[in-house]
Protein chains: 2
Amino acid sequence: MRAHDLETTRKKILRAALAEFSANGPQGARTAAIARRAGVNKRMLFYCFGSKAGLYREVLRHKLAQRASIMESTPEDLGSALVHWFDNAARDPVWIRLLHWEALATGGGTVAAEERRKLFDQALAIFRRWIERGSLEKEVDPAQWMISMLGLTIFPLAFPHIVRLATGLASDDAAFKAERHEFLRWIAGRIGGGAITANAVAGESEAGTAHASAARVDGANP
Amino acid sequence: MRAHDLETTRKKILRAALAEFSANGPQGARTAAIARRAGVNKRMLFYCFGSKAGLYREVLRHKLAQRASIMESTPEDLGSALVHWFDNAARDPVWIRLLHWEALATGGGTVAAEERRKLFDQALAIFRRWIERGSLEKEVDPAQWMISMLGLTIFPLAFPHIVRLATGLASDDAAFKAERHEFLRWIAGRIGGGAITANAVAGESEAGTAHASAARVDGANP
DNA sequence: ACAATTATTAACCGCGCGGTTAACGTGGGT
DNA sequence: ACCCACGTTAACCGCGCGGTTAATAATTGT
């Protein structure tokens, strides 16, 4: 690694910025803190990314691309998909926090709009497929389905203090995750149109309850 | 109103502080901005509440008490209750924002712990009652039910940018609210144990679809 | 060898923050 | 009439922020 290597410097800054922006938000994040985390002179942030806002934008674009690739690997079975989303969100608290900061942002229009559209179009396509295949009730809008399923999976991870008050457990506690898995598989059965998913529903959960593991039917959209 | 009236000054400060804390969070809120909003000298904040943190604490206590009283007026029917929670949350974006800030807060232990416990115990009691009465599947934990129903109602209001990307509508748009009402009543029927709520499910939604209005069965817990 | 370009650095700037100081009205008790 | 505790005020303080300046070290082209 040479002394003058802008690309690695950029990467170090992006990593540190992701952590700092996630921790303190686009406004609360301190450029000096990012530089310290990255082991880089503060001036380099502006040299590479122009401004704090420009750096934030780049950080978001990276993260959105990463989430899109996770969305691509969603299993075809509804229950498994819910568990998949839940686990991946639980594994990435940084992403959850960025969602919060975005929800709280008022002015200054959407950043990285195109990456965002791509991610959501992927998700909506999945729900449309489920509806066509009869895994989900067709009288409900795909967007409503998507919002609802995201609510069931992400909400407890986004508001851990609510989980703590309701269950007494931390939302990253293995016991809570197991409970949630069980619930998600159960409700996937209740919600589905009754055709494909309903059979795979009595799946095995980590809670130890008797279940059969749900089959994955990746790829091959009609 | 006398010139020297500490009580009204306190109230003015609390109102302004609620707005400012909701807008910018406990850290991002500026004491000067609160004072300006309240039409009061900045020094009075510290004279009345000691510190910014003390003021934040008092603001939260007030809001939690208000939310508890809303929780008390929850209808007995599950579908109506979901709509009730949704509407009341939609009517109070300030509260939603405070939830976000709390979820993002890392250090500095819980503020107003007792008011919070009271609010959640109320909610949990409602779910236990629903389970006992057969309105909700009894094999699922009350806490899991509560988290899930909060997810379905609050999530779209907490993450309006996700709603916008999924539906193209703003989450405070009347059209979206109507769609959501319809979905909430529909899913209440799918989820319930099948006894009481299932009958009340084909409820009327504001979307104009033909439905019969769901009956409210307030009070009288066993 | 050396100039030109690129990457990196320390030091600096103006500003706005949370919180404080000290002084100044105001009004009820006597 | 006067006091004195309470409510209110303008002005101030040290600090840390985003962003910049100008000088310097490494790399590249010739």
Side-chain angles (χ1 to χ4, degrees), chain A residues 1-60 98 101-102 104-109 111, chain B residues 1-60 98 101-102 104-109 111:
Chain A
M1 198 190 302
R2 313 198 312 280
H4 279 66
D5 184 353
L6 202 57
E7 206 46 49
T8 51
T9 305
R10 280 178 62 98
K11 278 179 191 156
K12 284 196 288 184
I13 293 175
L14 281 173
R15 279 170 60 100
L18 175 61
E20 174 72 8
F21 278 124
S22 160
N24 302 110
Q27 213 216 319
R30 304 302 167 194
T31 55
I34 296 174
R36 204 183 321 115
R37 282 193 207 239
V40 149
N41 189 282
K42 189 179 64 165
R43 180 67 175 85
M44 294 309 288
L45 311 197
F46 300 91
Y47 185 74
C48 293
F49 300 97
S51 67
K52 191 168 116 167
L55 176 54
Y56 179 64
R57 187 164 154 279
E58 215 60 27
V59 164
L60 260 197
L98 289 178
W101 294 118
E102 292 211 286
L104 286 167
T106 53
V111 295
Chain B
M1 197 189 302
R2 313 198 311 280
H4 285 210
D5 184 351
L6 202 58
E7 206 46 48
T8 51
T9 305
R10 280 177 62 98
K11 278 178 191 158
K12 285 197 287 184
I13 293 175
L14 281 174
R15 279 170 61 101
L18 175 61
E20 174 73 7
F21 278 124
S22 161
N24 303 112
Q27 214 216 320
R30 303 303 167 194
T31 56
I34 296 174
R36 203 183 323 115
R37 282 192 207 238
V40 150
N41 190 282
K42 190 178 64 165
R43 180 68 175 84
M44 295 308 290
L45 311 197
F46 300 91
Y47 184 73
C48 292
F49 300 98
S51 68
K52 189 168 117 167
L55 176 54
Y56 179 65
R57 188 165 152 277
E58 214 61 27
V59 164
L60 259 198
L98 289 177
W101 294 118
E102 292 211 285
L104 286 166
T106 51
V111 295

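Chain A is the first sequence line, chain B the second, and so forth, proteins listed ahead of strands; every chain is numbered from 1. All values below come from the heavy atoms of this structure, side chains included, with hydrogens, waters and symmetry mates left out.
Closest to the B:Leu6 side chain, of the nucleotides C:dG18, D:dT8, C:dT8, is D:dT8. Nearest to the side-chain atoms of B:Lys52 among the listed nucleotides D:dT8, C:dG18, D:dG18 stands C:dG18. For A:Thr9, the listed nucleotide lying nearest its side chain is C:dT8; candidates were D:dG19, C:dT8, D:dT8.
Note: CZ (A:Phe46) to P (C:dC12) measures 18 Å, nearest angstrom. Between B:Arg43 atom CZ and D:dC12 atom P there is a gap of 17 Å when expressed in whole angstrom units. Taking atom CG of residue A:Leu45 and atom C1' of nucleotide D:dG18, one finds them 10 Å apart after rounding to whole Å. Separating the CE atom of B:Met44 from the P atom of D:dA11 is a distance of 18 Å, rounded to the nearest angstrom. The nearest whole Å value for the distance from the CG atom in A:Asn41 to the P atom in D:dT24 is 16 Å. Taking atom CZ of B:Phe49 as the reference point, atom C1' of D:dT8 lies 15 Å away to the nearest angstrom. As a whole-Å value, the separation of A:Lys42 NZ from D:dG19 P is 9 Å. The interatomic distance linking B:Arg30 (CZ) with C:dG18 (C1') rounds to 9 Å, in whole Å.
Counting any heavy atom pair closer than 4.0 Å across all strands shown, B:Ala29 reaches sugar-phosphate atoms only and no base atom.
Residues B:Leu18 and B:Leu98 form a side-chain contact, since some pair of their non-hydrogen atoms from C-beta on lies under 4.5 Å apart. In this structure the side chain of B:Leu55 reaches within 4.5 angstrom of the side chain of B:Ile34, judged on heavy atoms.
In summary, of the residues considered (B:Leu45, B:Val40, B:Asn41), a side chain to side chain contact (heavy atoms under 4.5 Å, CB included) with B:Thr9 occurs for B:Val40 alone.
The minimum heavy-atom distance linking A:Lys52 with A:Phe46 is given by the pair N-CE2, 4.2 Å.
Remark: B:Tyr47 is not in phosphate contact with D:dT8, judged by side-chain N or O atoms under 4.0 Å from OP1 or OP2.
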